[in-house]
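Everything on this sheet refers to the single structure shown next.
Every chain is numbered from 1 and lettered A, B, ... according to where its sequence line falls, protein lines coming before strand lines. Computed from heavy atoms alone, side chains included, the values below leave out hydrogens, waters and symmetry copies.
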Amino acid sequence: MKSSLRLLSALGLSLCFTTLSAKELTVYTYSSFTSSWGPGPQLKTLFEAQCDCTLNYVSSDDGVSLLNRLRLEGASTRADVVLGLDDALMEQTRSLGLVQPHQLDLSNWPLNPDLAWTDTDFIPFDYGYFAFIYDTHKIETPVDSLEALLNSDASIIYQDPRTSTPGQGLMLWMQKVYGEDVHQAWQRLARNTVTVTKGWSEAYGMFLQGEADYVLSYTTSPAYHVVAEESDQYQAALFTEGHVAQIELAAVTAPSNQVELAQAFLQFLLSEEAQTVIPTTNWMLPVRTDIELPEVFLQTKPQRIGFSPEETEAGRETWLRTWRNAVSR
Amino acid sequence: MPRLDQLLGPLLLSFLLAVSVVAFLALMGWGRSAADMSLLSEPWFWQVLQFSLVQALLSSVLSVLLAIPVARALALDTGLVAKAWFLRWCLLCFVMPSLVLITGLVALFGRSGYLTPWLGEHWRFYGLNGILLAHVFLNLPFAIRVFCHRWQMIPETAWKLSSQLGFRGWQAFWLVEWPVLRGVIPAVAGFIFLLCFNSFAVVLALGGGPSASTLEVAIYQALKYQFNPAEALFLAWTQLLIVGVLYLLFRRLGKLEWLSPAQHTGWRSSQSAAVILTGRCAYGMAILFLVLPILTLVPAAMRVNLETFPWGELMQVTLRSLGFASLASLCLLICVVGVFSVWRQSTSERVRGVIEAIALHHLMIPGMVLSVGIYLFFLPYLSWHEWGWVAIILLNTLVALPFAFTQLKPAVFEYDQQYRRLVSDLKLGAWRHFYCVYLSYLRPTLQRVLGMSFVLALGDMAIFSIFGRDEWRTLPWLIYSLAGSYRMADAALAALLLMGISMLVLRVLEPSHESK
Amino acid sequence: MSPNKVGLDVRGLHIRRESLSWCYDFQIASGQILAVMGESGCGKSTLLDTLGGFYPADQGQIILGKQCIQTLDIRLRPVSTLFQQYNLFEHLSVEQNLKLGFSKASPTAIQWQQVEQALALLGVQEQLKRKPSLLSGGQRQRIALIRVMLREQPIVLLDEPFSALDAQTRKLCGNWVKQICQEQQKIVLMVTHEAMDAEAWADQTLWVQPLQRTDA
């Protein structure tokens, strides 16, 4: 969802399946991952060079629709690997019985200790912190807290928490910061909201067109503008309350009949070569500690706040209702 | 009638009924999920309900009020230019794929629209404003045609009489014109209200967030955003009950004649210059309003970057859309001819009434509700991911059936009235009669019905939203996603293509006027 | 009627319609014309309807040669009728309308030749490619008459066949009907109001009169 910092819509790729090679691995993911500027194509080339197989991507619009699709297809799914769900969706996916244990010993990889990752079904492949991005040409002194943002009269674009993982991230963020008072906080946010988009790319596209002062994205989003456009015009506002993190995950689907190949793909995702590709194509942080990153990735290190996946799962339904009741006035 | 057809008819009727029964069973909670009643206590639900009703009410009132002066000018002012053209354009507007219009409106009134700089600081297109603009655009033409038809039905003698009696201005209006209009205004308003209440694509694209959502969109979101069947069921029930009750209510208000305005020209009272001028202004504004959003697509599409435009995908998506619409039209043809074959065989008024009810009952069930019912019913047994296309074609057929039936019924009735005995006497073979004589008689009507249903199916968003999937996007959904990711030029180009196809199909299938 | 010719034999045919009823007993030989006369509303058309199978008889028999035909389905009755109106499909051309009279809507060369001769004789050969709606009432009636007479059905029922024709054309058509009737050994029943018609062409005349009038 974050790779395509141009106006994008990932098209085409999902339509061409080739059924020639003996071994095929089908990976369900979100569309910006597979777009030509996303990590998908490079990872495909790298993996196919070592697996003697064909890697097929099938893409959905965003993370949440990915889950819905998987749920809908159930046992008849073609997917061997699902890539792009996040830690907030993890428990729901597991409880639906859609994935199987990865059977990897994660201590074999130098994973970032901050993630403290021990899950037996999902492996992380990148992570980032949600943040509001602003245009330095328009705003000289950005807000320094969520509270300040809500009190300001700045215009905001964010994503629907029912369809988009950043939207869901904002819901967790608001919930963590405001707790009992979140209903009122949402209403304050609603006053400043230009629109709520279905996915990340619409929101970011509108922001780049100058439709709003702030857009919900990631702390790593400015890195794209620095690396790809050599521009530091866009910056992430750091909030004193802390930031909610998103860990993007991959897992082997329960009905997969290519389990070994799927596990090999998960291992590949954790490999140094894959982890080197991901930051500058998906514009997220690598999960390994030994990856060399452009300077800009290292500038900000927000304080992490949030809920455990179990807490998220238990609270989601209520929180969603609170959100929609608050913002529908 | 061919033998095959005799068998087909009853089978068809049972099928038509079965679809609704299945949808109802699903709504009743047969299967696994029951409606989630807790929504009743949520302010969100009431907000959605209120917004659905308010936007439909405003849309229908605006459409009717604006249509009256235009229709009057069209019917009475002999000096108007391009009348026939305008009335045909109105027909097209009414079936126009909403995504074409939406793209045009965004290009005009959206954040970087051509007209936006003149609309002031506080102009907000997304939300109620945009929805009303789109709904009035889609329904005003329909109201204009109905009213124009009514005005033309006023007999010449009524005008002559009112002149001899010395009626002037308002007096003539109340005594001569108002009586013919009065009967039809509530029916038109009611019909437009229902259409707007069931509107999906417009609200989805122009709603702009949870504060401006309708039941129809909320059903879609409950099912597709949250995968919450219980909530979808509750919302579907609400939608069904409201539409059902309103439909039964409005049906008593009268029948609408609008596809063929009578070209009645007789003696008319002379109008004052001011009235004529007002009428012409209204006509001019209506033309501007109904043409500009579509015309805007041309300069918008000119800005397309030919290098990055997804030609391949557009091609593929267009072919797929054409395929869906053709199959739906073909199914509709089979359905409606099949239904009439049973209808004609029966001489009992009672049996005919039942057949008619079966053919028309889908009017009362919004396409979205039907879709949700069918979707949930078969979900445990069937992979919609694989079979969704079947549902898309069939439901588009069913949604168009009542329209096709009502359009064809007079023709079939007339045919039997005039030729039943002759056909028996000629002892033609069943197939020869069916193909050479009967179908050929119905052809002009069938063509028109098929043309319109083809365009409606081509523009379908609601049914596809439930059964479709990302990889087989249709043309409207491609436009939606292009516009959604702010590729306005690309969206405009694709919208022009959709518009062009629609016009072409209507043009090709337009009955020629050589006979009759 | 000469006994060795195939003819139509109507025996004790009882028909009832609303408050009226009739009983018919008559015979017509092949190649002969029977004029059916009577006041308006006396039941002439009902008789034709019953012979054609559009209206049921209460009892009695209709026999063609040795075959009893009143139980036959409409489609199988050897009858061809000229109705008072709606004889031509307005949406089909004159040519198509004419062809519909023949088996599989495709007349043999000989049949079509007969049609063309008749068209020329009756003065409507120019109208072949046009739609009936562009024709006058008289032209339409002649076209329909041609189709009815030239179809391969032994019994021909004509319901006021010359009503839209002027005196001269009427004579032309009547003579032609008589000629075809004799050449092709048809059995023709012709409803008419004109005593002149009956005198000129009919071999027999049948006066239709209801049996009784029970007030409803």
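The 12-atom threshold is exceeded at CD of A/Gln233, counting heavy atoms of other residues, nucleotides or ligands nearer than 6.0 Å. In this structure, B/Trp387 places its CH2 atom where only 12 or fewer heavy-atom neighbours from other residues, nucleotides or ligands lie under 6.0 Å away. Surrounding CH2 of B/Trp311 are more than 12 heavy atoms belonging to other residues, nucleotides or ligands, all under 6.0 Å away. Crowding of B/Asn305 atom CG: a count of heavy atoms from other residues, nucleotides or ligands under 6.0 Å exceeding 12. Residue-environment remark: CH2 (B/Trp389) stays at or below the threshold of 12 foreign heavy atoms within 6.0 Å.
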What verdict does the salt bridge (charged side-chain N to carboxylate O under 4.0 Å, His left out) test give for A/Arg162 and B/Glu231, after you've listed the backbone C-alpha separation in whole Å, the side-chain angles of each residue and the deciding distance to 0.1 Å? CA-CA 14 Å; A/Arg162 294 170 298 183; B/Glu231 194 172 298; 6.0 Å; no
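At least one side-chain heavy atom of B/Ser38 sits less than 4.5 Å from a side-chain heavy atom of A/Arg321.
The one candidate from A/Thr163, A/Leu320, A/Val64 that meets the side chain to side chain contact (heavy atoms under 4.5 Å, CB included) condition with B/Gln226 is A/Leu320.
Closest of all the heavy-atom pairs between B/Lys224 and A/Asn68 is O-ND2, 2.7 Å. Heavy-atom minimum distance, B/Tyr225 versus A/Asp160: CE2-OD2, 3.7 Å.
Neither the backbone nor the side chain of A/Leu67 comes within less than 4.5 Å of any heavy atom in chain B. Heavy-atom distances place no part of B/Asp490 under 4.5 Å from chain A, backbone and side chain included.
The candidate with the highest count of non-hydrogen atom pairs below 4.5 Å against chain B, out of A/Arg69, A/Arg316, A/Lys198, is A/Arg69.
Taking CZ of A/Arg78 as the reference point, atom CD of B/Glu386 lies at 8.5 Å (rounded to 0.5 Å).
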